[in-house]
Amino acid sequence: MQDSGKKEKVLGYSIDVSVGGSQDSIPAVQKESIIQQDGGTRAWLQVVGCWLLFMNTWGLTNSFSIFETYYTQKFHHISHSNISWIGSMQLFLTLFVGVFAGWLLDRGHLRLVLITGIAFQVVGMMLTSLCTTYWQLLLAQGICVGIGSGTLAFTSAAIIPFYFTERRMLAAGVVSTGSSIAGVVYPLMMRELFQKVGFAWAVRVLAFVMLGGLSVSLAILRPHTDARKERALLSSALLRDAPYTIFIVSYAFMVAGVYVPYFFIQSYALDLSIDESMSFNVVAIMNAATFFGRFPYNYLADIYGGIAVLVPCCFATSIILFFWRFVHTLGGLVIISATFCFVTGGLVSLPAVTIANLTQDKSEYGTRMGMGYTIAAVGALLGNPIAGLARDGDSVDVLGRWQGAWFVAGGALLVATALMTWARVLRAGVDMSVKI
């Protein structure tokens, strides 16, 4: 006897999988996701290539505090907020450029995208080593490196969903550990190079290291299909999907708050009279903690869905940021920094694959992801400078001086939590069996 009414939910949509039914009745975009393989040599080589891209894009952002501190010491007349515009511009473009990179990727121009991104990144870092003024750094590191990072970061996130379905979140988690490794290795490497060869050659060595890793990515990354697909660069019609729109706005608030410690942690440590050498170690410890935070959250996301994991992570992160105001010792700073980064382990890798889960028609994925990154870029551009402005430079008390920055970041994460919860309820109610 046939069970003609049996249905299952996949990514929040009902699909007829009745015993007597034909698979031809399943929409093509959903059928593709069901029959997709989750492994093989080629698929895992894409993970390696994307890992190296992640290492040299988001890893640079995770390491920006070493540059923030150096520039603040070099340009005494420039405020923390203004210095942070360099890193914020880089972070903004890392997200914003994705909409254009996605359009080219959908047309089959993977190698062009990779070569362009690598050129902008390496040339930008080389130019950074020659800079002597603030505006030069803004152009070289903020804009040139930012364009390269945006091109490569989007590519690293866009490739994985085409090779993995059931283990998509886990594969994305593996890729995202690249930024954690960079955040450990690069600050320690730069600390030694600053002392031995100076800033200029330290940055050049970093550029050569990046070129080596990115060249490997260029050699092994392959497009999922040779088909050239036409899609819109932007589509206002997609914004009528309320859960998707609310989620990408929440993504903007999340990005606005979550990178504040990455930008200011070393300066905060120095204000607490912590040894400069030890302040580099604090940055490395932070990023080491993110490594251990990648896998459990991505594993849970494969079971319960991305938003179900992102909501508690965002809420816990906001609480940690509010408590940062009370940290005044090296031990306390190490503990709260490591806890913060462990809790935020999934906040970098999960949004992109969550957008994939919110997408019913896979032909729209590139457009949706590009638009999501573009909206999030606004938060990336404004979050850190606003936090820097909230820092009270006239306060004698270090804790009081920095509390505004932590409160701005915590408030942004609290808003992100509320919006993500709203998006989840709109798409699937409180039914936790639906993965989103």
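This chain uses plain numbering: 1 for the first residue, then up along the sequence.
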Between the side chains of Thr177 and Trp51, is a donor N or O closer than 3.5 angstrom to an acceptor N or O?
->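 Side chains of Thr177 and Trp51: pair found under 3.5 Å.
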Examine the side chains of Asn56 and Tyr186 and answer whether a donor and an acceptor come within less than 3.5 Å of each other.
->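 Yes, a side-chain donor-acceptor pair sits under 3.5 Å.
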More than 12 heavy atoms of other residues, nucleotides or ligands under 6.0 Å from [atom1] of [X]: is that the case?
X      : atom1 : answer
Phe120 : CZ    : no
Phe75  : CZ    : yes
Phe407 : CZ    : yes
Tyr297 : OH    : yes
Phe323 : CZ    : no
Phe194 : CZ    : yes

Can you name the ring-ring contact (aromatic ring centres under 6.0 Å, His included) partners of Tyr259, sequence neighbours left out?
->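 Applying ring-ring contact (aromatic ring centres under 6.0 Å, His included) to Tyr259 gives Tyr262.
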To the closest 0.5 Å, what do you measure between [atom1] ([X]) and [atom2] ([Y])?
X      : Y      : atom1 : atom2 : result
Leu60  : Phe67  : CG    : CZ    : 7.0 Å
Tyr268 : Ile274 : OH    : CD1   : 8.5 Å
Ile78  : Thr72  : CD1   : OG1   : 9.0 Å

Of Leu426, Val311, Leu310, which meets side chain to side chain contact (heavy atoms under 4.5 Å, CB included) against Thr421?
->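 Checked Leu426, Val311, Leu310 against Thr421; only one passes side chain to side chain contact (heavy atoms under 4.5 Å, CB included): Val311.
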For Ile248, the option from Leu358, Leu419, Ile375 that meets side chain to side chain contact (heavy atoms under 4.5 Å, CB included) |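 Exactly one option meets the side chain to side chain contact (heavy atoms under 4.5 Å, CB included) with Ile248, and it is Ile375.
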Taking the six-membered ring of Phe264 as reference, does the NZ or CZ atom of Arg391 fall below 6.0 Å from its centre and within a 45° cone about the axis?
->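 No; the conditions do not both hold, so Arg391 does not lie above the ring face of Phe264.
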